[in-house]
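I have placed the structure first, in the form of structure tokens, so that the comments after it can refer back to it.
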Number of protein chains: 4
Amino acid sequence: MSHCARINCRVAKFNVMDKIIMSSEKQLSFKRTEVRNRIITAAGEVFKTNGFQASSISAIAKKAKVADGTIYLYFKNKEELFIVVLDLMMEDILDNVHDQVKRVDNPIEKILKFYDVIIEFFTNNHSFAKMAILEVNQVKKGILVSTGLPSYYKYLNYISNLCHQAIRKGFIREIDTESFSIMVFSCIEYIIRLWIYSDYKTDTHKLRKKVLNILIYGIIRY
Amino acid sequence: MSHCARINCRVAKFNVMDKIIMSSEKQLSFKRTEVRNRIITAAGEVFKTNGFQASSISAIAKKAKVADGTIYLYFKNKEELFIVVLDLMMEDILDNVHDQVKRVDNPIEKILKFYDVIIEFFTNNHSFAKMAILEVNQVKKGILVSTGLPSYYKYLNYISNLCHQAIRKGFIREIDTESFSIMVFSCIEYIIRLWIYSDYKTDTHKLRKKVLNILIYGIIRY
Amino acid sequence: MSHCARINCRVAKFNVMDKIIMSSEKQLSFKRTEVRNRIITAAGEVFKTNGFQASSISAIAKKAKVADGTIYLYFKNKEELFIVVLDLMMEDILDNVHDQVKRVDNPIEKILKFYDVIIEFFTNNHSFAKMAILEVNQVKKGILVSTGLPSYYKYLNYISNLCHQAIRKGFIREIDTESFSIMVFSCIEYIIRLWIYSDYKTDTHKLRKKVLNILIYGIIRY
Amino acid sequence: MSHCARINCRVAKFNVMDKIIMSSEKQLSFKRTEVRNRIITAAGEVFKTNGFQASSISAIAKKAKVADGTIYLYFKNKEELFIVVLDLMMEDILDNVHDQVKRVDNPIEKILKFYDVIIEFFTNNHSFAKMAILEVNQVKKGILVSTGLPSYYKYLNYISNLCHQAIRKGFIREIDTESFSIMVFSCIEYIIRLWIYSDYKTDTHKLRKKVLNILIYGIIRY
DNA sequence: GATGAATGAGCTTTCATTCAT
DNA sequence: TATGAATGAAAGCTCATTCAT
């Protein structure tokens, strides 16, 4: 899965070179990193398939080829594991999105691109969308973690930055960029949620276009 | 709670007159309605206090003074009960909101009023907000997928209507009113969610103002 | 097992006559009593065989032919179940002991008889002895319940009564009967414990005789 | 705690002199002894604070500044460690008690003194009492069965010796001293146990006096 | 000898839902 | 219709012990 590139990458990036260079102390750390990655990768797959509640630690452990207890040497509990996994995935997605956004020059076009690519990604990844939009609410202490996802702030910042650029270059009026970021975020999430609720049947294209229209209309300079 | 007036009202509105008119068959139906209302009222209180997961059918049955099994004669399961209760509450709120919106004349002011009153209501009702914004996601999606909250559509329609009026009277441009309704809804929900996530500590006033600014700016006619 | 007579008896004592007399209401109560007894009997066997810790609720439920959860309709938790079972058994033993003690006339002989019969019983019932003397300490909240076994006080009272009789009839001096009861109890328990610790190998006869000698010597009137 | 003097002492008594004298082979042995003592001291504190069950090997290892696995180089398992620790503590207490008993001349007074000082000690050391009287029963019996606490025999011997002296000097009749020792032991233990069960609330003074009265009455010569 | 990461067995309790009465 | 006793599935997490390094 492309959006997991970072995770897999982290596993993969320990190449032969690394092994040679590593001191005995580093090797230990390598082993730990390797196990941790196995767990994260396995958890990602299991969570995506079954959702948070229905995923059992045993299943994850089995897939990661470690003992159940081992998971608790790396993560405080199931919830923390979920959050870490989700956060890493979200970061990967942002990296991906950025790759596409940076190819566009016009500041407003960048925002449009961001908006489109994200929604596109979610609609292309059923199970991940469900995990990131719905399952996250099943994490009991979610109340405190959900907005605590480090990646969440990266997203907001990213949009904010796009806005600042657009403002500086005179493309949009001097809005509160943070509020606008939140609006974009909430609209994207809501569109995806409606789509999930419809059992992935509705076509999001029209809705997303119309919403975007109002969003942009609300910030451009005349 | 005044916003629950409808629920209680439904219990109350079977007055003496009704009783006289009722045939023996109707009386049965009356009994059923009365029991159903007892269950709904009890469930409302229990759900608000403990949230969806932590509320047990036993507790609701006890409070409604019926047997556990009886609840299943009126509702398919715990989830359906929750949805029904939530839906009735949401309807009541809309009635309330409408009472305040209709006192305003200017079509745009009406939208502003709607937006403000709803947010105000949620921030004044911690436990209800949590139930309607967060708990609702703990209900197995299936139920929401197929039906959705009926009241949800009433809300969307309500905003749509306000928009249509505003369009007709030339106050705002010809936007897609449904999309705008969804946007308003998603933004309100998101603002409340952030507030809940912050443990009811952040002040929503600034954020809600800035978001509203962009929303309105996105639809007005220059 | 004879010492379980009461338990089985309670199951058995609902004979045909009872059934006829029972109103529908009583039948319910009968059903409940019957189930409760099945659980108690099953638990008694399982606890005796495996001890408290190693006995699982599932095993007891299976043997009692009820669902796991059913046990919790009758007992708060595993510990309460253990205590109830142990207490009933202890009562049965006391009944048995009494049957033998009452055949003796001399007040001091009664005390000797009591002492002997109890130790005899324990040494004839390995597994029960272990349960009553050792396992009881594995009940976590044992600290509060252990002396709270209703049967415990019956034992103390029983010995006290024997003493009072002996005092009244001038056979022993005016000692504090409660203290003496506790001493008898503690000595019996300790002798049994030593015997259990020795893996049931040592012969308790000599020790019990010598201890009894000092106990009696300490209370008789010269 | 003064009664742990022996344990600490064993750590401390390897002074500079020892180090000089030790051959390389002895130094190894010294190192082992030192580590063993660190473990014992740490375990003593942890066990006293948390009880047997709730004390984890990790916690002990951490406090002793060794690795978890290291503990298993010195002790077969957690239970053996507990027994060793408890045994050493019990020995220390006996040393202490002896210091006070030897100041008394009259053989019977010695026995009284022993009885009083031990109970006094336990009631002044909540956590130790719990450990020695209750926790010890949570250790799988196997360990106690075969060996028993070595210090246990020292206690019995000690009382036996006091008795022998008293018999020789004609203060008490010719009882079986071992049985009497066991009785004293069992009564002390029981009194303390009742006190622990009462959550350290009951006053043991009256009970202990009355029990002692019967004990002594049972052995004195008229 | 020392380390400490890894193991993996083990089990109570809750509660939505059913169904005999 | 109403009852409420009975069902039984379901799974997180700990921690004593081992063993490769």
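Here is the naming used below: chain letters follow the sequence lines, and residue numbers restart at 1 for every chain.
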Under 3.5 Å: donor-acceptor pair, side chain of B/E135, backbone of B/K130: no
Which of F/dA6, E/dA16, F/dA16 is nearest the side chain of D/S56? It is F/dA16
With DNA chain F as reference, determine whether C/I71 or A/K78 sits nearer its 5' end, using the nearest nucleotide of each. C/I71
Return the pairing partner of F/dT7 with a 3.5 Å limit on both distances, Watson-Crick or G-U wobble; otherwise return none. E/dA16
Send over the distance from C/R36 CZ to F/dA5 C1', rounded to a whole Å. 15 Å
Can you tell which of F/dC13, E/dA2, E/dT17 lies closest to the side chain of A/N77? F/dC13
Starting from the C-alpha separation in whole Å, work towards a yes-or-no answer on side chain to side chain contact (heavy atoms under 4.5 Å, CB included) for B/L81 and B/F47. CA-CA 10 Å; B/L81 175 58; B/F47 281 137; 4.2 Å; yes
Can you measure A/E79 atom CD to F/dG12 atom P for me and round it to whole angstrom units? 11 Å
C/L81 CG to E/dT13 P, in whole Å, measures 11 Å
Could you tell me the separation between the CD atom of D/E80 and the P atom of F/dT17, rounded to a whole number of Å? 11 Å
Taking the minimum atom-to-atom distance to the side chain of C/D68, which one of E/dG4, E/dT17, E/dT13 wins? E/dT13
Length of the line joining C/Q53:CD and F/dC15:P, which is rounded to integer Å: 14 Å
Under a 3.5 Å limit on both distances, the Watson-Crick or wobble mate of F/dT21 is E/dA2
Judged by each residue's nearest nucleotide on DNA chain F, which is more toward the 5′ side, A/S58 or D/A54? A/S58
side-chain N/O B/Y72 vs F/dG4 OP1/OP2, d < 4.0 Å: no
Sugar-phosphate, base or nothing in reach of C/F75, heavy atoms under 4.0 Å: nothing
Whole-Å distance, C/E34 CD to F/dA5 C1', equals 13 Å
Closest listed nucleotide, where the reference is the side chain of B/A67 and the choices are F/dT3, F/dA5, E/dA2: F/dT3
Determine whether D/Y74 and D/T33 satisfy the following criterion, side chain to side chain contact (heavy atoms under 4.5 Å, CB included), listing intermediate values before the conclusion. CA-CA 10 Å; D/Y74 292 87; D/T33 309; over 6 Å; no
Could you check whether D/I57 gets within reach of a base, just the sugar-phosphate, or nothing at all, counting any heavy atom under 4.0 Å? base
So if I take every side-chain heavy atom of C/L73 and compare against E/dT12, E/dA2, F/dA5, which nucleotide ends up nearest? F/dA5
Length of the CD1-C1' vector between C/I39 and F/dG8, whole Å: 14 Å
Could you tell me which non-hydrogen atom of B/S127 sits nearest to which non-hydrogen atom of B/K48, and how far apart they are? CB-O, 3.3 Å
For C/S55 and C/N50, work out which heavy atoms get closest and say how close. OG-CB, 3.5 Å
Please state whether the phosphate of E/dT3, meaning OP1 or OP2, lies under 4.0 angstrom from any side-chain nitrogen or oxygen of D/T70. yes
For A/K65 and A/R38, which heavy atoms make the closest approach, and how far apart are they? O-NH2, 3.3 Å
In whole angstroms, how far is the C1' atom of F/dA9 from the NZ atom of C/K62? 16 Å
Could you check which of E/dT12, E/dG8, F/dA6 has an atom nearest any side-chain atom of C/V35? F/dA6
Would you please confirm or rule out a distance under 4.0 Å between OP1 or OP2 of E/dA6 and any side-chain N or O of A/R32? yes
